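Just so you know, these numbers come straight off a predicted model, no measurement behind them. Only heavy atoms go into these numbers, but all of them, side chains included; no hydrogens, no water, no symmetry mates. FYI, the numbering just counts along the sequence from 1.
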Amino acid sequence: MARVVALQQNQLSFSTLASSLSDFSGTRLQTQLQFKRKQCHPKGSFYVSASSTKKILIMGGTRFIGVFLSRLLVKEGHQVTLFTRGKAPVTQQLPGESDSDYADFSSKILHLKGDRKDFDFVKSSLSAEGFDVVYDINGREADEVEPILDALPNLEQFIYCSSAGVYLKSDLLPHAETDAVDPKSRHKGKLETESLLQAKGVNWTSIRPVYIYGPLNYNPVEEWFFHRLKAGRPIPIPGSGIQITQLGHVKDLAKAFIQVFGNEKASKEVFNISGDKHVTFDGLARACAKAGGFPEPEIIHYNPKDFDFGKKKSFPFRDQHFFASVEKAKSVLGLEPEFGLVEGLADSYNLDFGRGTYRKEADFSTDDIILGKSLVSV
């Protein structure tokens, strides 16, 4: 039997990461459970037992989304275990998080150390623990999910973090959950996982975020802009800059994961989750500047076809219109994003980059190539 270890309160402080749960954790979310007492519940039917406390497993949970989700679940009184490889501390105190809140969280969170690709270990350890609900935050391939389902035949709900990147590129936007998907996309593993969940007949819910931002973001989304704004550099944006995209705050995403938990209306459903406003690339640059208190940025437009950047990416977003409808989540789940774009970017900046913490060092090498050619052209 795998050993589950409760974390002690004297773990290292979170000096390299910046986030705050003061506003986020201050509001207690109700989990919208609609319980039905039944003596039997056939496989695949919606069923969550009437116990107020659930034994919940989060696959991942120490980097970004799971940091916020796990705290919400613990606050709701659930027993939460994080399954990770143990390469990073399982919990660390977040800047802005009170000592008492952190002590309470760290004393209750549990850890199961292992590699999810070690399928035999996954089956034996999860079978021994017998979890009620699984949140799979970091699953990328269907073969990584199947052993979890095999190990937990009485699983009440499997909640999966998919991606809006599964949709087939289209001229008709925004993407809706019923739109055609692209089996050749780089997120095809997530698409195949959704198909597996449906085929297995389990009670599942899949969340498809668009671009996620917020404190602790390990993807170069807002951080890419903040680095250039802080350095006082022009911001190179491909094409006309009027390409429309969409961002959703990580704290709103975590709340959406709570809203589908135990929700009969979310059974065997897919939901797009993001902010309810769309923004152009140029508009995003200006929003980042406003959020961080920087002057109006100088924006340089360029044609990507004029350059060879090798394996480096010159811009962190798809060079196309890319956004999804969140109307289904609004109508079915009652989703109401807390953060507007500028407000959310300010939250990210003030609690992370503005404190001097970030995930990646600034790299302006592709910018210099673009700006060098632009200066010659002038």
**Cation over ring face, Arg71 and Phe105, 6.0 Å, 45°** = yes
**Request:** Say whether Thr84 and His111, considering side chains only, have a donor N or O and an acceptor N or O under 3.5 Å apart.
**Result:** yes
**Asked** Looking only at heavy atoms, which two atoms of Glu223 and Asn217 are closest? And how far apart?
**Response** OE1-O, 4.5 Å
**Request:** Can you measure from CZ (Phe261) to CG (Leu73) and round to the nearest 0.5 angstrom?
**Result:** 7.0 Å
**Asked** Between the main-chain N or O of Ile273 and the side-chain N or O of Arg208, is there a donor-acceptor pair closer than 3.5 Å?
**Response** no
**Asked** Hey, does the side chain of Asn272 reach the backbone of Ser325 with a donor-acceptor pair shorter than 3.5 angstrom?
**Response** yes
**Message:** How about NZ on Lys117, more than 12 heavy atoms from neighbouring residues, nucleotides or ligands closer than 6.0 Å, or not?
**Reply:** no
**Message:** Could you measure the distance from the CD1 atom of Ile58 to the CZ atom of Phe131? Nearest 0.5 Å is fine.
**Reply:** 10.5 Å
**Request:** For a side-chain contact (heavy atoms from CB on, under 4.5 Å) with Val332, tell me which candidate from Lys265, Gln259, Glu269 qualifies.
**Result:** Lys265
**Message:** Hydrophobic clusters here meaning ILVMFWY residues chained together by side-chain heavy-atom distances under 4.5 Å, can you tell me if Leu155 and Leu196 are in one?
**Reply:** yes
**Asked** So does Lys55 pair up with Glu129, basic N to acidic O under 4.0 Å?
**Response** yes
**Asked** Given Cys288, which of Phe226, Phe294, Tyr349 fulfils the side-chain contact (heavy atoms from CB on, under 4.5 Å) condition?
**Response** Phe226
**Heavy atoms of other groups near Arg318 CZ, more than 12 under 6.0 Å** = yes
**Request:** Please answer whether the main-chain N or O of Ala176 pairs with a side-chain N or O of Asp179 as donor and acceptor at a distance below 3.5 Å.
**Result:** yes
**Message:** Side chains of Ser206 and Leu197, heavy atoms from C-beta outward: is any pair under 4.5 Å?
**Reply:** no
**Prompt:** Do Val326 and Val181 sit in the same hydrophobic cluster, where Ile, Leu, Val, Met, Phe, Trp and Tyr count as joined when their side-chain heavy atoms come under 4.5 Å apart?
**Reply:** no
**Asked** Between the main-chain N or O of His321 and the side-chain N or O of His278, is there a donor-acceptor pair closer than 3.5 Å?
**Response** no
**ring-ring contact (aromatic ring centres under 6.0 Å, His included), paired with Phe281, selected from Tyr211, Phe315, Trp224** = Phe315
**Prompt:** Which atom names give the shortest non-hydrogen contact between Ala287 and Val342, and what distance separates them?
**Reply:** CB-CG2, 4.0 Å
**Request:** Would you confirm whether Asn219, through its side chain, and Val221, through its main-chain N or O, come within 3.5 Å as a donor-acceptor pair?
**Result:** no
**Asked** Can you name the closest pair of heavy atoms from Asp136 and Met59 and give their distance?
**Response** OD1-CB, 3.5 Å
**Prompt:** Quick one: does Tyr135's side chain have a donor or acceptor within less than 3.5 Å of a partner on Phe257's backbone?
**Reply:** yes
**Message:** Using a 4.5 Å cut-off between side-chain heavy atoms of Ile, Leu, Val, Met, Phe, Trp and Tyr, which other residues end up in the same hydrophobic cluster as Phe323?
**Reply:** Leu173, Ile244
**Prompt:** Judged by atom type as modelled, is there a donor-acceptor pair below 3.5 Å linking the side chain of His187 to the main-chain atoms of Val166?
**Reply:** no
Do any side-chain atoms of residues 362-370 form donor-acceptor pairs under 3.5 angstrom with protein atoms, and if so which ones, sequence neighbours left out?
from, atom 1, to, atom 2, distance (Å)
Asp363, OD1, Ser365, N, 3.0
Asp363, OD1, Ser365, OG, 2.8
Asp363, OD2, Lys312, NZ, 3.3
Ser365, OG, Lys312, NZ, 2.9
Asp367, OD1, Arg228, NH2, 3.0
Asp367, OD2, Arg228, NE, 2.7
Asp368, OD1, Arg233, NH2, 2.5

**Asked** Are there more than 12 heavy atoms of other residues, nucleotides or ligands under 6.0 Å from atom CD of Gln320?
**Response** yes
**Main-chain N/O of Asp182 paired to Lys169 side chain as donor or acceptor, under 3.5 Å** = no
**Item:** From Thr205, Asn203, Asp132, residue fulfilling side chain to side chain donor-acceptor pair (under 3.5 Å) relative to Gln157
**Value:** Thr205
**Prompt:** Got a second to check how far Lys190's NZ is from Glu141's CD, nearest 0.5 Å?
**Reply:** 9.0 Å
**Message:** When you compare the side chains of Thr91 and Tyr102, does any donor N or O come within less than 3.5 Å of an acceptor on the partner?
**Reply:** yes
**Enclosure of Leu168 CG (heavy-atom neighbours >12, cutoff 6.0 Å)** = yes
**Request:** Would you please test Arg359 and Asp352 for salt bridge (charged side-chain N to carboxylate O under 4.0 Å, His left out) and show each step?
**Result:** CA-CA 10 Å; Arg359 312 293 87 74; Asp352 200 351; 2.8 Å; yes
**Prompt:** Do the side chains of Leu57 and Leu149 join up, straight or via other hydrophobic residues, at under 4.5 Å, putting them in one cluster?
**Reply:** yes
**Fill in**
Rounded to the nearest 0.5 Å, the CD1 atom of Ile237 sits from the CD1 atom of Ile242 at a distance of 12.0 Å
**Item:** Within-4.5 Å side-chain heavy-atom neighbours: Asp282 and Arg286
**Value:** yes
**Asked** Which pair of non-hydrogen atoms, one from Pro316 and one from Pro220, has the smallest distance, and what is that distance?
**Response** CB-O, 2.9 Å
**Prompt:** Among all residues two or more places apart in sequence or in another chain, which pass the ring pair (Phe, Tyr, Trp, His ring centres under 6.0 Å) test with Tyr213?
**Reply:** His249
**Item:** Donor-acceptor contact present, side-chain Gln243 to main-chain Gly241, <3.5 Å
**Value:** yes
**Asked** Can you tell me if NZ on Lys230 sees more than 12 non-hydrogen neighbours from other groups inside 6.0 Å?
**Response** no
**Request:** Give the minimum heavy-atom separation between Ile235 and Ala285, together with the two atoms involved.
**Result:** CD1-CB, 4.0 Å
**Asked** With a 4.5 Å limit on heavy-atom distance, are the side chains of Leu152 and Val202 in contact?
**Response** no
**Prompt:** Should Pro234 and Leu371 count as side-chain neighbours, where that means a heavy-atom distance under 4.5 Å?
**Reply:** yes
**Request:** Could you verify whether a donor N or O on one side chain and an acceptor N or O on the other, from Gln93 and Asp99, lie under 3.5 Å apart?
**Result:** yes
**Request:** Take Asp118 and Arg85, measure what salt bridge (charged side-chain N to carboxylate O under 4.0 Å, His left out) needs, and give me the verdict at the end.
**Result:** CA-CA 11 Å; Asp118 183 345; Arg85 290 175 293 177; over 6 Å; no
**Message:** Is any side-chain heavy atom of Cys161 closer than 4.5 Å to one of Ile65?
**Reply:** yes
**Message:** I want to check something: taking the side chain as every heavy atom from C-beta on, are Leu216 and Val250 in contact at a cut-off of under 4.5 Å?
**Reply:** no
**Hydrophobic cluster identity match, Leu112 and Phe158, side-chain contacts under 4.5 Å** = yes
**Request:** Report the relative orientation of the aromatic rings in Phe68 and Phe64; use parallel for angles under 30°, tilted for 30 to 60°, perpendicular for over 60°.
**Result:** perpendicular
**Asked** Any chance the side chains of Asn138 and Arg116 put a donor and an acceptor closer than 3.5 Å?
**Response** yes
**Asked** Hey, what's the ring geometry for Tyr302 with Phe309, parallel, tilted or perpendicular (30° and 60° as the breaks)?
**Response** perpendicular
**Message:** Quick one, Leu284 and Phe317 - any side-chain contact, counting heavy atoms below 4.5 Å?
**Reply:** yes
**Asked** Should the pair Glu338-Lys251 be classified as a salt bridge under the 4.0 Å nitrogen-to-oxygen rule?
**Response** no
**Distance, nearest 0.5 Å, that separates OG of Ser274 from CD1 of Ile207** = 12.0 Å
**Prompt:** With the 4.5 Å side-chain cut-off for hydrophobic clustering, are Leu341 and Phe322 part of the same group?
**Reply:** yes
**Approximate separation, where rounding is to 0.5 Å, of Ile159 CD1 and Phe271 CZ** = 11.0 Å
